[in-house]
Amino acid sequence: MSSRRGAVVDWVAGLGGLTAGLLIAVVTAPVGVSGAVFLLPVQLSVFGVPNPAVTPTNLLFNVVAGPGALWRYRRHGTLRGPLTRRLVLGTLPGVVAGAALRVFVLPGPAVFRLLIAALLLPLGLWLCARTLRPARTEPGAEPSPRTVTALALAVGVVGGIYGIGGGSLLGPVLVGRGMPVARVAPAALAATFATSVVGAATFALLSLVSDGTVAPDWFLGLSCGLGGLVGGYLGALLQPRLPDTALRLLLGALATTTGAVYAAQTPA
C-alpha cells in the first residue's frame with residue numbers, strides 16, 4: 001500500500017514538474033532565456049529538492065528543454081555566427097569550476113538562498129531598467145570579442161553554481177551593452193544548453209567523490225525538461241506575435257519578486 005502511495009506521489013510530482021517547465025519556458029524562451037532561473041526556486045520550495053542536488057537537476061532541465069527553442073531558432077539561421085562560438089567556448093570551463101564550488105564550498109541551504117537573492121534581484125532590476133529605458137545601439141558600442149569571452153567565463157562560473165547554464169545572465173548583459181535581442185537570444189540559449197550538458201556531467205562525476213546529495217533528481221528533472229521542451233518550442237514559435245516590452249517587464253518582475261522572497265527567507 002505504501003509503495004502504491006509513493007508511486008502516486010511521484011507521478012503527481014512529475015505532472016507538476018511537466019506543467020511548471022512548460023509554463024515557464026513558454027514565457028521565457030521568446031527572450032532567449034531557458035527558464036531555469038525561475039524553475040530553481042520552484043524546485044526548492046514546491047518539490048523540496050535537496051541541496052546541492054537542486055543545481056544539477058536544474059541543469060538537467062536545460063539539457064532536455066533546450067533543443068525545443070534552439071530548433072526553431074536554427075530554422076531561421078540565427079544560431080550561426082562568432083557570438084555563439086565565443087559564448088559557448090567561454091562558458092564551458094566556467095561551468096565546471098562553478099560546479100566544483102557548488103559542491104565543496106557552497107552546499108548549505110542558507111548560503112544558497114542568499115546567492116539566489118543576490119543573483120535574481122539584480123537580474124530583475126536590470127531587465128526592468130533596460131526595458132523602460134533601453135540603451136541606444138551605436139556603432140562601436142558593442143563589447144569587444146575579448147570582453148565577451150571574459151564575461152562568458154565569469155558567467156559560466158556563476159551559472160555552474162546556480163544551475164542556470166549562464167545564458168540567462170549573458171542575455172540581458174549583452175543586450176544592455178548594445179547588442180540586438182534577435183542576435184543575442186539564440187547565442188545565449190546555445191551557451192545555456194552546452195554548459196548545462198557539461199555541468200550536469202560534472203555533477204554526476206562529483207557525486208562519486210562527495211558524501212552529499214549531488215546527483216540530480218532524474219525523474220523530476222526529466223519531467224520539467226519535457227515540459228520545457230514543448231514550452232520552449234511554443235515560445236520561440238510565438239515570439240514574433242508577442243509584445244517584447246511586456247515579456248521583458250514580466251521577466252524582470254518575476255526575477256525581482258523571487259529574489260526578494262528568498263532574501264526575506266535568508267536568516268540574518
Side-chain angles (χ1 to χ4, degrees), residues 33-45 47-63 66 86-124 126 147-174 188 190-218 220-221 224 255 258-259 262-263 265-267:
V33 177
S34 72
V37 68
F38 302 113
L39 182 64
L40 190 144
V42 175
Q43 291 189 55
L44 284 173
S45 300
F47 299 113
V49 179
N51 281 287
V54 65
T55 297
T57 303
N58 225 33
L59 291 172
L60 179 60
F61 163 80
N62 283 338
V63 172
R86 280 195 288 269
L87 292 187
V88 171
L89 293 177
T91 52
L92 284 179
V95 76
V96 175
L101 289 172
R102 178 71 182 92
V103 172
F104 298 113
V105 181
L106 298 169
V111 175
F112 194 41
R113 286 179 182 271
L114 183 61
L115 180 61
I116 292 173
L119 287 171
L120 284 183
L121 274 172
L123 176 62
W126 179 278
T147 300
V148 171
T149 302
L151 178 63
L153 178 63
V155 169
V157 174
V158 177
I161 295 172
Y162 189 43
I164 58 176
S168 56
L169 298 177
L170 282 168
V173 172
L174 293 176
T192 295
F193 176 73
T195 53
S196 295
V197 171
V198 174
T202 301
F203 273 101
L205 293 175
L206 290 174
S207 67
L208 302 177
V209 297
S210 174
D211 296 330
T213 309
V214 179
D217 185 324
W218 293 98
L220 184 61
C224 294
T258 305
Y262 277 100
Q265 292 178 346
T266 302

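In this text, all values refer to a predicted model and were calculated from it rather than measured experimentally.
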Which residues share a side chain to side chain contact (heavy atoms under 4.5 Å, CB included) with V197, sequence neighbours left out: V63, F193
Side-chain donor or acceptor of N58 paired with backbone N/O of A36 under 3.5 Å: yes
Exercise: identify the closest heavy-atom pair between L170 and A152: CD2-CA, 3.9 Å
V157: partners by side chain to side chain contact (heavy atoms under 4.5 Å, CB included), with sequence neighbours left out: A97, L101, I161
Residue pair A194 / V88: nearest heavy atoms and the distance that separates them: CB-CG1, 3.8 Å
By side chain to side chain contact (heavy atoms under 4.5 Å, CB included) - contacts of L153 (at least two apart): P93
A117 versus P122, closest heavy-atom pair with distance: O-CD, 3.9 Å
Among V95, T91, L59, side chain to side chain contact (heavy atoms under 4.5 Å, CB included) partner for S196: L59
L220 CG to L39 CG distance, which is reported to the nearest 0.5 Å: 7.5 Å
Separation between CZ of R86 and OG1 of T147, rounded to the nearest 0.5 Å: 10.5 Å
Euclidean distance, F47 CZ relative to D217 CG, rounded to 0.5 Å: 10.0 Å
Non-hydrogen atoms of A191 and L87 that approach each other most closely: CB-CB, 3.9 Å
